[in-house]
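Residue numbers begin at 1 in each chain, while the letters A, B, ... track the order of the sequences.
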Amino acid sequence: MFRSLNSDVSFPNLEERILALWEKDDAFRESVRRRPATQSFAFFDGPPFATGLPHYGHLLAGTIKDIVPRYWTMKGYRVERRFGWDCHGLPIENLIQDELKLHTVKDIRDHGVGAFNEACRAGVLRYTKEWRRTVSRMGRWVDFDNEYKTMDLAFMESVWWVFQQCFEKGLIYQGYRIQPYSPALATSLSNFEVNQGYKMRQDPSVVIAFPLECDAKNSDRDETLLVWTTTPWTLPSNLAIAVKEDLEYALVAHEGHKYWVAESRRLQYFGENDEVIDRVLGKALVGRRYKPLFQFAPLMSEKQYAIFAADFVSDSDGTGAVHIAPSFGEEDFQLGKAEGLGLWDPLDAEGKFTHLVPDWQGIGAKDADKAILQKLKSDGRIFRHETFEHSYPHCWRTDVPLLYRAQKNWFLALDKEITNADRVTKTLKQWMIDSNQQIRWVPEHIRDGRFGKWLDGARDWNLSRNRFWGTCIPVWIAEDGDMLCVGARAELEALTGQKVDDLHMHVVDVLTIKTSDKKTFDPNGKAYTRTPEVLDCWFESGSMPYAQGHYPFENREALEEHFPADFIAEGLDQTRGWFYTLTVLSAALFQKPAMKNVIVNGIILAEDGQKMSKRLRNYPDPNELIDRTGADAIRLFMIDSAAVKGEELKFSEVGVKNITRAVLLPLWNAVSLFTTYANADASKGQLTWKPGQNRVSGNELDRWILSDLQALLARVKVEMEAYRLYNVVPALVEFVDDLTNWYIRRSRRRFWKSENDGDKNDAYATLYRVLVEFSKALAPFLPFLAEEIYQVLVRENDPQALVSVHHTDYPVFDASLFDEALNAKMALAREAVVLGRGLRAERNIKNRQPLRRLRVVARSEAAAAGLRSLEDLIRDELNVKDVDIALDESSFVQYQAKPNFKALGARLGKNMKAVAAKCASLSHEEIKGILEGTPLALEEATLTAEDLLIIREVSPDLAVTATPNLTVALDVAIDEALRLEMLAREVVSRIQGLRKESDLTVTDRVDVSLTGVSEGLRGAVEAHRGYISAEVLAASILVEGPENGASDTLEVDGETARIFVRKVG
RNA sequence: GGGUCUGUAGCUCAGUUGGUUAGAGCAUCGCUCUGAUAAGGCGGGGGUCGGAAGUUCAAGUCUUCCCAGGCCCA
């Protein structure tokens, strides 16, 4: 009736079978469809780049993204899960550049932006097949057929709409920011790219002489200010000099000139004998003017070529005076902005000097260093020229040193006020901060820690990239500076009079906007040209909630239903990434958070604690590992770790295998046991119970395991609703242990007993019910194994059953099955057994040796009553004839006492120590008195039983042990009858071993023969012939019979025999 | 340099509002059980709870400083 299961199961093969089954039944889509559309649980999936292959970080996030939606699906919600792809941006552009051998931006333009973009479009999805295979193989249910791509027309149109919304709220502006710039690539780089490219480099270290102008105050002084720089190429762009206001500067006479230098740096450049003429604070120099080095830059402000005060100036290097070129450095830029110096940048896109600096026109900035220094030397402006080595960022692709350079960019302003629908006005940043407070973060500390702090310090978002393959910034600018922001394809069509079916640069930029009313095309209207940048691709992923459904052009109601998301999950690295961009844009558009619950996973390290590195090969290939261990084990290993609360995880294959051994195999064996015996009993006609039938069992074990299951379900519910996945797996593992190592272990004989009685059928009914319910509880976590169990136990027996365990409802706590008192007394009985086993081990008495009596002393009448009802279990498990449960332990323990600090501490305060000492010296009788209800009055306090913790000292001569809950004493005397029984069991054990060796089935009958039998063994066989026959299904037992069949030698306790076992017939 | 998380047995990690002798799993060694189990059970060894100071009758837990590592930012 049940499929018979192989005990040497291959989980990877099992999983492949289940995958095929799901495919056949269209199980995923059906699991979504069968839940009502009106009750939805919204999940957003962050789009990965398809230019790389999935790694363990993706598997971890993917598993979390699978478990939570599966759970809520089974709870009755419709959980749509669309996969998405991040298609734009540098990863794919770089790849295509390499493939087409286009090294620079100019190469791309020469090749043609259209051809380049089409190559990106054609190439970006190259690994999607591998992704789909790996993600599906991990058991993740997600819709790949209906995936969204950030390069789709509909997606891009929604992004335009998002941008336009921001534009219309006045959040978008153009401004300058200093950025690392690669002259070879003719583009600025992200911080991430910069961090990859730090290398040691030799640069000039030069001190330049700037003669100060004479003015009314300083008419007769011929003075020179010494200024330090390591970037001579920025000197033609020098517009100012900065000193520190409260730093002391000295005027030094040297070789007929007078030099200003920071006093603390003086001896670096001058001798002790060089006379100091004057000392002033930096502020005295502020405002003085100097003679510029070159005449290239135009005069842009009154203040040009003057000295300013700035806090960033330090005297740890150089001269205490800093040259300022506002276009080429963050601090220079800030100072220039504050003082209104203007920007002057004489470099072209490839970082070469333009006609603005004719002396070095066509020479790259860094390459011009030498020539510039030579010119300055001949002009007598070099005071000192050295070389030094330092770590400096280089272009990670071309190895060329980067330039820090002011770039014009589009920004999203965070300090702009926005009024929401309820007429509440706050700045965008404040809306973001408030949104964050409404999000449940796991782990919690992210909210006010990493993410909260990042929001507090957030600066305006630079949205523009000077690249090609991306969503165009939809702003068109007329010659007079008038701007026009387009937010829809139809708008662009109206303004150009052209049909538009792609929003990429090479398509959009050939169109001309001509308009008089900013709404319709007018050939005589004003001409507008698009700003050349594309959007940061993070703007696109942040727009994903709206763009994946082409909002607001389509799916208007769906968005309102699905926003904010109920749940998202990504790695810790997304704090500044997707989590941030989602938050910015949802605050800008709707003044709400984009999600309600977030699980943040930590990074996965290799087993050695280092980053996983292809070069070091310190981790197994994910696909190969899945083939070796199966996906279920990997899933459970990852989820049963702090990685699901943002901490790092050292990934180890051993850890994965441990999961298989500790959880998957025992559970599998439990199912296999069930099917084996149920099939055997069914064929013998002894199975009156039918699958699916629930029976009310009077057996305490049955009631207990069902009650224990309810406790598990209650616990899982609490943890899943709090998104604490890391607390769920330990609970599941404990239940597997309860089921296999107690329920089944203790129930084994109930399945085996040949009598066709109610108890056996109760056992089948209970085990079946527990396995089926548990498979449902497991389904989100171990989707394959849970499915297999469900298929074997339910679907293959019942054509009417739901096709997949993942279509069933998640089991809910059933109060009628829950019995807290039963759970407590079973725990106590198990504790008694553990203590008893300990005593046997201590006395070196093996379990096969029956003993007369175990005495268990409980601490209360209720506990004793509970234990009495479970006496049989304890007796059986410990192999004793008699279990005696009592309340008085004083005959075998001596009491000692320790104070209950928790109870007494609050009451006693400083007297605690004195009382603790007195407690320690209480006598056995005093303590007994207190335990029996007579309080003991001390100077400081009156002690009752609650104030003491009793320590039970047991005599080493007695086989007694005690815990706070129980005292257990074992009668270790072995008489002849007990010894014979032990020998009989040894015989049984040996015969069972031979049966197993001979691959007999559990129902085969055997003939047994013993030869060379010693006297004790002979006695044991005679005395226990009936018992032995029944245990081993022996048709005959012959002493000194024929030597036929499988054999083994028995040697135990001085007794010997040879045993022969042969199948009957 | 700033932010944040982490530091407990050989390894991986629990450890509640501060309160008994700091626990588990793995590994290891010894013993043991088995008519489901490549399993199970019992025991041994293994800890200055990263360091220091403070608060407290009492600190793995709270505070401060320091050290080490990770991540993010500069």
Pairing partner (Watson-Crick or G-U wobble, both distances under 3.5 angstrom) of B:rA9 = none
A:K453 vs A:N658, nearer the 5' end of RNA chain B by closest nucleotide | A:K453
Listed nucleotide nearest any side-chain atom of A:W454, set B:rC73, B:rC42, B:rG70 = B:rC73
According to the Watson-Crick and G-U wobble definitions, with both distances under 3.5 Å, which nucleotide is paired to B:rU4?
-> B:rG70
For atom CZ of A:R837 and atom C1' of B:rC31, their distance in whole Å | 14 Å
Using the C1' atom on both, measure B:rU64 against B:rU55 and round to a whole Å.
-> 11 Å
Pairing partner of B:rA14, by Watson-Crick or G-U wobble and under 3.5 Å for both distances, is none
How far, in whole Å, is B:rG47 from B:rC11 if one measures between their P atoms?
-> 12 Å
Could a donor-acceptor pair under 3.5 angstrom be found where the side chain of A:R840 meets the base of B:rC42?
-> no
If pairing means Watson-Crick or G-U wobble with both distances under 3.5 Å, then the partner of B:rU34 is none
Quantified in whole Å, what is the C1' atom distance between nucleotide B:rG10 and nucleotide B:rG44?
-> 16 Å
Taking the same atom, C1', in B:rG15 and in B:rA59, what whole-Å distance lies between them?
-> 14 Å
Sugar-phosphate only, base, or nothing, as touched by A:F674 at under 4.0 Å among non-hydrogen atoms | nothing
A:N847 side chain, from C-beta outward: closest of B:rC73, B:rA36, B:rC33 | B:rC33
pair A:W742-A:D737: side-chain heavy atoms closer than 4.5 Å = no
If you measure from the P atom in B:rG30 to the same atom in B:rU21, how many Å do you get, rounded?
-> 34 Å
Go through B:rA39, B:rU4, B:rA36 for me and flag the one nearest to the A:T740 side chain.
-> B:rA36
Would one find a side-chain N or O of A:R749 under 4.0 angstrom from OP1 or OP2 of B:rU34?
-> no
A:R748 side-chain proximity, nearest of B:rA27, B:rG3, B:rU37 = B:rU37
Does B:rG45 have a Watson-Crick or wobble mate here (both distances under 3.5 Å), and if so which one?
-> none
Nearest-angstrom distance, C1' atom, B:rA14 to B:rC73 | 32 Å
May I have the distance from A:E877 (atom CD) to B:rG40 (atom P), rounded to whole angstrom?
-> 15 Å
pair A:L778-A:L667: side-chain heavy atoms closer than 4.5 Å | yes
Which nucleotide, B:rA14, B:rA36, B:rG40, lies nearest any side-chain atom of A:N741?
-> B:rG40
Looking for any heavy atom pair under 4.0 Å, which part of the strands does A:R450 touch: base, sugar-phosphate only, or nothing?
-> base
Counting heavy atoms from C-beta on, name the nucleotide in B:rC71, B:rC73, B:rA38 closest to the side chain of A:R576.
-> B:rC73
Give a yes or no on whether a salt bridge exists between A:E981 and A:R848, defined as a side-chain N under 4.0 angstrom from a carboxylate O.
-> no
Expressed in whole Å, how much space separates the P atoms belonging to B:rU61 and B:rG50?
-> 8 Å
Check: A:E877/A:N847 side-chain N/O donor and acceptor closer than 3.5 Å = no
Just compare B:rC42, B:rA38, B:rC5 and give me whichever is closest to any side-chain atom of A:H445.
-> B:rC5
Please confirm whether A:R405 makes a cation-pi placement over A:Y181, using NZ or CZ under 6.0 Å from the six-membered ring centre and within 45° of the ring normal.
-> yes
Taking the side chain of A:I603 as its heavy atoms from C-beta onward, which of B:rC26, B:rC42, B:rC71 lies nearest to it?
-> B:rC71
C1' spacing across the pair B:rA9 / B:rU16, given as an integer number of angstrom | 22 Å
Quick one: label A:V654 by what it contacts on the DNA or RNA (base, sugar-phosphate, nothing), any heavy atom closer than 4.0 Å.
-> nothing
Have A:Y743 and A:D702 got a donor and an acceptor in their side chains that come within less than 3.5 Å?
-> yes
Which of parallel (below 30°), tilted (30 to 60°) and perpendicular (above 60°) describes A:W461 and A:Y580?
-> tilted
Which of these nucleotides, B:rA36, B:rU34, B:rC73, is closest to any side-chain atom of A:R848?
-> B:rU34
Which nucleotide sits closest to the side chain of A:R985: B:rC71, B:rU34, B:rC26?
-> B:rU34
